[in-house]
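Chain letters run A, B, ... following the sequence lines, proteins first, then strands; residues in each count from 1. The figures that follow rest on heavy atoms only: side chains count, while hydrogens, waters and symmetry mates do not. Everything quoted here is computed from the prediction, not taken from an experiment.
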There are 2 protein chains.
Amino acid sequence: MPDLIHGGDSAAAVSSLRSAVMLLGRRLKHQRVDESLSPTEMSVLGTLARCGSATPGELARKEHVQPPSMTRIVALLEAKGLVRLEPHPDDRRQKRVSQTEQAEAMLAESRTKRNAWLAHLAEGLDEDEWETLRAAAPVLEKLAHL
Amino acid sequence: MPDLIHGGDSAAAVSSLRSAVMLLGRRLKHQRVDESLSPTEMSVLGTLARCGSATPGELARKEHVQPPSMTRIVALLEAKGLVRLEPHPDDRRQKRVSQTEQAEAMLAESRTKRNAWLAHLAEGLDEDEWETLRAAAPVLEKLAHL
DNA sequence: GTAACTCATTACCCAACCTAAATACCACCC
DNA sequence: GGGTGGTATTTAGGTTGGGTAATGAGTTAC
């Protein structure tokens, strides 16, 4: 078993990580900024904010969703005016997706509300625990994208 | 804004945490030990392993799921022989749910497979990053249950 | 003993994915 | 240049894991 490439008791950590991530994910689903936006739609907007613009296929890969799902998500976002669709300059099969100014504004508002919710939750954590979490956030993000 | 009860730039951490948790959760959904078991069903078995036994209502609260959903989940688990249902000794409205030996065996196997998957993923992480994650796991779990 | 509450359940519904197949396009080779 | 294989997106249809509302059975308080 190639499990203990990293020392110690990773079994417990993995198990704990898995259940915590799933549970937190379920709860986060209910904490939407805009009721009409699904968690994945939010996530796509976040990705676009970081990457500038991308094709539907790229987005599907980054979000680990199948292409047809991304098509629908992008279509919904466009209908809400949060995303712009342009033809790809080099390849007419592809499209370029980029966020609108409206999306930026919404993301800002979103960040504020999420902060409030998580800060409220984090009141049950002491300063050390929160610091641990802050350190882990980027690692978790890296792991999720591997 | 009651966001900065803890110093620094929690906004970025929160945002990062949220998207990472959602993305990882989506990927974990596909990494099932037993194809016929949903993530929440697995989670319920885990909870039962820790707590011994519980009523459907207690389980629903712990998993942050509505009671009717837990009824269905428990029924499915029972049909698969992973869980036992007994009448509650003191209150005939309630029931006691406890895991079977079969469930314990499955959980053990599950732990092995998940380890393999996550260890594989974690090969993209260096030792320090993995250590950070190990430290964060219990905190994340605490947070998820707050 | 009845009113009010709680636990579990039943019946029905919906959202967010998926797979398979179709369409449009590019790139290579003869 | 025309066919052939491969890729990007979309369309169509299905599954699943939850949710809400309403019901039934049992308990507790008055």
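Classification of B/Arg72 and B/Glu41 as a salt-bridged pair fails, no side-chain N sitting under 4.0 Å from a carboxylate O. Using a cutoff of 4.0 Å between basic side-chain nitrogens and carboxylate oxygens, B/Arg96 and B/Glu58 are not scored as salt-bridged.
Side-chain atoms of A/Ser43 never come within 3.5 Å of backbone atoms of A/Pro39 as a donor-acceptor pair (strictly under, hydrogens ignored). Between the B/Ser98 side chain and the B/Ser53 main chain, no donor and acceptor come within less than 3.5 Å of each other. Proximity of a side-chain donor or acceptor of A/Glu129 to a complementary backbone N or O of A/Asp126 within less than 3.5 Å is detected.
None of A/Arg93, A/His88, A/Lys95 except one satisfies the side chain to side chain donor-acceptor pair (under 3.5 Å) rule with A/Asp91; the exception is A/Arg93.
No hydrogens or angles considered: nothing links the side chains of A/Ser69 and A/Gln66 as a donor-acceptor pair under 3.5 Å.
In terms of heavy atoms, B/Ala144 sits closest to B/His64 at O-CE1, 4.0 Å.
Nucleotides of DNA chain D that come within less than 4.0 Å of any heavy atom of chain B span, from the 5' end to the 3' end, D/dG17 to D/dT27.
In this structure, A/Asp90 and A/Ile73 both approach DNA chain C, and ranking their closest nucleotides by distance from the 5' end singles out A/Ile73.
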Contact string for nucleotides 3-14 of chain C, one letter per nucleotide 5' to 3', B = base within protein heavy-atom range under 4.0 Å, S = sugar-phosphate only, - = neither, reads ---BSSBB----
